[in-house]
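Quick note: residue numbers are just sequence positions, from 1. All ligand and atom numbering here is 1-based and tracks the order in the structure. What's counted below: heavy atoms across the whole structure, side chains too, no hydrogens, waters or symmetry copies.
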Amino acid sequence: TKVAVLISGTGTNLQALMEQTKKPSSSAEIVVVISNRPGVLGLKRASMAGIQTRVVDHKLYGSRAEFDSTIDRVLEEFGVELVCLAGFMRILTGPFVRKWNGKLLNIHPSLLPSFKGVNAQKQALLARVRVTGCSVHFVAEEVDAGAIIVQEAVPILTNDTEDSLSERIREAEHRAFPTALELVASGAVRLGEDGHIIWNQSA
Ligand code: GRF
């Protein structure tokens with residue numbers, strides 16, 4: 001399965017996905033990495049791994065629709081079948097999400113549906129919960145509300161700061177995202193018409 005990874009920054013999730021898809025057993029091949037910001041570390045990671053990169057700078061577009069259609073053109077150019085949003089900090093428009101429905105995966109640093117939106121790690125600390133984590137889900141038009149594919153729980157320690165907790169969650173992300181990508185790329189999991197996950201109970 002041909003995969004595109006969309007990034008906005010450091011790319012540690014991208015790094016984990018690249019390491020996973022390099023394995024002979026992988027059902028996925030990353031064919032392009034697209035960033036909405038130039039010069040970010042994630043682009044260097046992709047280049048060092050020999051993966052083609054594109055920058056689609058959202059500041060150069062007059063509207064979200066024009067930005068999204070440029071992203072779409074790049075995806076079509078590379079024959080992409082699955083898209084991973086890995087620290088991609090843009091909200092995608094309805095038409096784009098609908099076109100790629102069931103083919104768009106995102107990682108969020110909380111156990112959805114808790115703590116949607118930005119600063120999910122900080123929300124968990126402020127809520128004084130004892131467990132949080134990360135979620136890989138299909139992207140739906142409503143932000144952080146799509147069908148959940150994989151989750152991993154992470155303890156919150158009494159002396160945790162936003163940074164120490166974020167680092168622990170990121171380590172979980174680097175396990176959860178590759179796992180979710182393989183499940184979808186291999187066909188073990190797909191998004192049903194009703195918006196829920198269907199597990200392929202192969203005979
Ligand atoms: C991660 O914390 C992820 O939960 C959030 O953005 C961050 C991506 O980090 N969506 P990186 O660019 O993959 O290192």
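Among Ser35, Gly87, Cys134, the residue whose heavy atom lies closest to atom 6 (O) of ligand 1 is Gly87.
Taking distance alone, with nitrogen or oxygen atoms compared against 3.5 Å, Asn13 approaches ligand 1 more closely than that limit.
When each atom of ligand 1 is checked for a heavy atom of Arg170 under 4.0 Å away, the hits are 2 (O). Numbered from 1 in the order shown, with element, the atoms of ligand 1 that lie under 4.0 Å from a heavy atom of Met89 read 6 (O). Which parts of ligand 1 touch Pro109 is read off a 4.0 Å heavy-atom cut-off, strictly below it: atoms 4 (O).
Hydrophobic cluster membership differs between Val136 and Leu85, with clusters built from Ile, Leu, Val, Met, Phe, Trp and Tyr side chains linked at under 4.5 angstrom. Val33 and Val56 are not part of a single hydrophobic cluster, where members link through side-chain heavy atoms under 4.5 Å apart. Follow the hydrophobic side-chain contacts under 4.5 Å out from Ile34 and you never reach Leu43; the two are in separate clusters.
Annotation: the span from Phe138 atom CZ to Leu104 atom CG amounts to 9.5 Å, rounded to 0.5 Å. Here the CH2 atom belonging to Trp100 is positioned 4.5 Å from the CG atom belonging to Leu75, to the nearest 0.5 angstrom.
Closest to atom 1 (C) of ligand 1 among all protein heavy atoms lies Glu173 OE1, 3.3 Å. Of the protein's non-hydrogen atoms, Thr12 OG1, 2.5 Å is the one closest to atom 14 (O) of ligand 1. At the shortest separation from atom 12 (O) of ligand 1 among protein heavy atoms lies Gly11 N, 2.8 Å.
Residue contacts with ligand 1: Ile107 is included, with a non-hydrogen atom under 4.0 Å away. Ligand 1 lies out of reach of Gly42, whose nearest heavy atom is not under 4.0 Å from it. Residue contact check for ligand 1: Gln15 places no non-hydrogen atom closer than 4.0 Å to it.
The aromatic rings of Phe67 and His58 sit perpendicular to each other, their planes meeting at more than 60°, with 30° as the lower class boundary.
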Acceptor/donor pairs from residues 141-151 side chains to any protein atom, 3.5 angstrom cut, sequence neighbours excluded:
| from | atom 1 | to | atom 2 | distance (Å) |
| --- | --- | --- | --- | --- |
| Glu141 | OE1 | Arg98 | NH1 | 2.7 |
| Glu141 | OE2 | Arg98 | NH1 | 3.1 |
| Asp144 | OD2 | Gly117 | N | 2.8 |
| Gln151 | NE2 | Leu112 | O | 3.1 |
| Gln151 | NE2 | Ser135 | OG | 2.9 |

